[in-house]
Number of protein chains: 2
Amino acid sequence: MATKKVLDEKALGERAQYFLKVLIERYIAEGLPVGSRTLARDAGLDLSPATIRNVMADLEDMGLITSPHTSAGRVPTISGYRLFVDSLLTVKPLAELEIGQLREQLDLEQEPSDLMESASRLLSGLTRMAGVVMLPRRDRIAFRQIEFLPLSGSRVLAILVTSEEEVHNRIIHAKRVYSRAELEQAANYLNRTFTGQTLEAMRQRLFQDMQKARADLDRIMARAVEMAGQVFGNESGDSDGDCLISGQTNLMDFDELADMALLRQLFDAFAEKHEILHLLDQCMQADGIQIFIGEESGYRQLDNCSVVTAPYEIDNEVAGVLGVIGPTRMAYDRVIPIVDVTAKLLGAALKRR
Amino acid sequence: MATKKVLDEKALGERAQYFLKVLIERYIAEGLPVGSRTLARDAGLDLSPATIRNVMADLEDMGLITSPHTSAGRVPTISGYRLFVDSLLTVKPLAELEIGQLREQLDLEQEPSDLMESASRLLSGLTRMAGVVMLPRRDRIAFRQIEFLPLSGSRVLAILVTSEEEVHNRIIHAKRVYSRAELEQAANYLNRTFTGQTLEAMRQRLFQDMQKARADLDRIMARAVEMAGQVFGNESGDSDGDCLISGQTNLMDFDELADMALLRQLFDAFAEKHEILHLLDQCMQADGIQIFIGEESGYRQLDNCSVVTAPYEIDNEVAGVLGVIGPTRMAYDRVIPIVDVTAKLLGAALKRR
DNA sequence: CATTAGCACTCCAGGCACGGGAGTGCTAAC
DNA sequence: GTTAGCACTCCCGTGCCTGGAGTGCTAATG
């Protein structure tokens, strides 16, 4: 009766919560189903296995743990992990020393793209899982400078420099051969007009201009707008964002991911990047650490995986997301601070430039 | 006695060779050890299994086949495959239709880098194994144009355009702030001096100039040389070449590569790229199709794999290498023409620009 | 002398039974 | 509420067996 009542109220006894915590910690550490005897020993309280069993039965009723088969121990379910992560977990902050080392590593890099690469590697190296860093989104990056260089024929090389001092280039096909001076004029116009705006804003404005074909656009402006339009047109076409993934092979060492067919799907997702990006994109909204456990992510390829992400900021504005992908059974208490700190350090390192 | 004699002379009877061929073909098709009965049937000649057994024993003595255990059929060894590939194999050329489709696919791409990507994907797609394309080596690429753009502070953006219309950029740190005009002067000097030379030649000349600090270099030239030196210095530092690998996950479906530990090493090699590149580099020398079977490559990670490569040419000069990586037991008769044709088509497509 | 049939032998794979170990749920007693 | 006891379930490793596939050797054959 009493337990029934507790169940109905969905109020989970404090002691039961504690047991859940210990059980999950044990399971994360060992990877084996945890039985009542083990749990009784681990819990520290002086209780007999039989007592524990009662509690475990309750936890199972609530869908927080299950047993793989009749006479195995218990294993956390997705909801079990969820509860654990949300309210039971005690994260141990990284030691100052470790933070220092992290910062040092990131400081070595000069170019922003190397920085991202480096961050991704650090994540995977520290966690022995897969690290992922989403490059800053276009709508958060400010335009700094554009230049056009004539190539052979009517081809023009467009060079786009962003405030992060990242450089992109793209070859566009002009309608006729332009002189170096003409191209410079066009670039000047664009630079004057758009400096400081985000790329996304710039893009929108450009397309507006192109469609309206405004009367107040003189020939130079029109030409400039048209060429810049090509730059953005192509860019938006092939990819709305990109990310760097490293340490994927680390995942091959986990036996919960040993199924080759599933592992292949996972690796395909990594190669494709598209879905991973989509997932990371969602994490931009909710600021702070975001965790997807198992099927929560909504991507079948990630069913046996958890994803821990944190957004990183430039000038107090969320610019992108980074994170770690590993098996559901991962050391959340370690991974979370690592992801957290790396995000902060990456933001700081990016700002410095 | 007689057989002994044959062995000593290392002359392999014609019939034995034929059996070896049939055996390997069968093994490649089925993946199972081939027994005498099966081979007798497959060979078409009207011979009893017992006869076949005698021949097989000879083949085993010569190290061309082995049996996994006493009562299994026979499986080709590395040397067996070698002999097969070198002198027994009958490659069936690709149908015109297939070649047409391949060409079409490659023609879609505009930028050379996309072309490489596309070629790699085609290789992996057609063979259901991993495709790899080595980017043209620097010492084969001709310099076309260099430009410098001032960035914030004393940073300068260097843009390098090669004859393949491929664009590279690199941020360099100048000793002081240069004006746009000064940078243009420097670029002009370099463009005048080096157009048409290979990057490697240019690099060497630049470093000579820098060390000699020749009296006949006026200030502009010296400045230009110094900045260009930085461009090349960095570039040579981080990588001497690069390659694109795709379809790696295809390899996860082969059960001869099912061992997770070995597979991981293989994938690590793919991520590292360094050793793969080294291997491909060797294939540049020997023109024509090159095949490494199993341990022949000399890289432990590739022990269970074969690599089929072909160099591709631009203007009748070998520019790079592409190929396919798969399990030792692969359909060489199919893979070889695919690699061959792709190399030719890629060369042609690159020339067209 | 190459070819072949016959035969004993080896080895693997799969099925089956068995027993121990680990863990559970239930009940009754404290 | 906690606990001991007990019957029960299930996995897993082991040993055993059997059928099948294939081999090597030997002796007979054209």
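Quick note: numbers below take in every heavy atom, side chains included, and nothing from hydrogens, waters or symmetry partners. Within every chain, numbering begins at 1; the chains are lettered A, B, ... in the order of the sequence lines, protein sequences first and strands thereafter.
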Out of C:dT4, C:dT24, D:dT23, which nucleotide sits closest to the side chain of A:R74?
C:dT24

Roughly, in whole Å, what's the span from [atom1] in [X] to [atom2] in [N]?
| X | N | atom1 | atom2 | answer |
| --- | --- | --- | --- | --- |
| A:E14 | D:dG1 | CD | P | 16 Å |
| A:F19 | D:dG1 | CZ | P | 14 Å |
| A:L39 | D:dT3 | CG | P | 13 Å |
| B:E60 | D:dC25 | CD | P | 11 Å |
| A:L45 | D:dG1 | CG | P | 16 Å |
| B:D46 | C:dT3 | CG | P | 12 Å |
| B:L32 | C:dC11 | CG | P | 20 Å |
| A:D42 | C:dG23 | CG | P | 12 Å |

Does A:E272 have more than 12 heavy atoms from other residues, nucleotides or ligands lying within 6.0 Å of its CD?
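Atom CD in A:E272 is not crowded, with 12 or fewer foreign heavy atoms closer than 6.0 Å.
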
If only side-chain N and O atoms of [X] are considered, is one of them under 4.0 Å from the OP1 or OP2 phosphate oxygen of [N]?
| X | N | value |
| --- | --- | --- |
| A:R15 | D:dG1 | no |
| A:T51 | D:dT3 | yes |
| B:R53 | C:dG6 | no |
| B:R37 | C:dA5 | no |
| A:T70 | D:dC8 | no |

Check against side-chain hydrogen bond (donor to acceptor under 3.5 Å, both in side chains), A:S306 and A:Y81:
CA-CA 10 Å; A:S306 284; A:Y81 276 124; over 6 Å; no

Less than 3.5 Å apart, any donor N or O on the side chain of A:T328 or A:N304 sitting next to an acceptor on the other?
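No donor-acceptor contact under 3.5 Å links the two side chains.
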
Distance only, no hydrogens: is a donor on one side chain within 3.5 Å (strictly under) of an acceptor on the other, for B:S246 and B:R121?
no

Answer with base, sugar-phosphate or nothing: what part of the nucleic acid does A:S71 contact at a heavy-atom distance below 4.0 Å?
base

Could you check whether A:A50 gets within reach of a base, just the sugar-phosphate, or nothing at all, counting any heavy atom under 4.0 Å?
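Base contact.
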
Shortest non-hydrogen contact from A:A72 to A:S67?
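Looking at all heavy atoms of both residues, the shortest contact is O-CB, 4.1 Å.
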
Closest nucleotide of DNA chain C for B:P49 versus for B:H69: which of these residues is on the 5' side?
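Closest to the 5' end, via its nearest nucleotide, is B:P49.
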
Please tell me which of B:I52 and A:M56 maps to the more 5' nucleotide of DNA chain C, matching each residue to the nucleotide holding its nearest heavy atom.
B:I52

Using heavy-atom distances to pick each residue's nearest nucleotide on DNA chain D, tell me which of B:N54 and B:A72 is more 5'.
B:A72

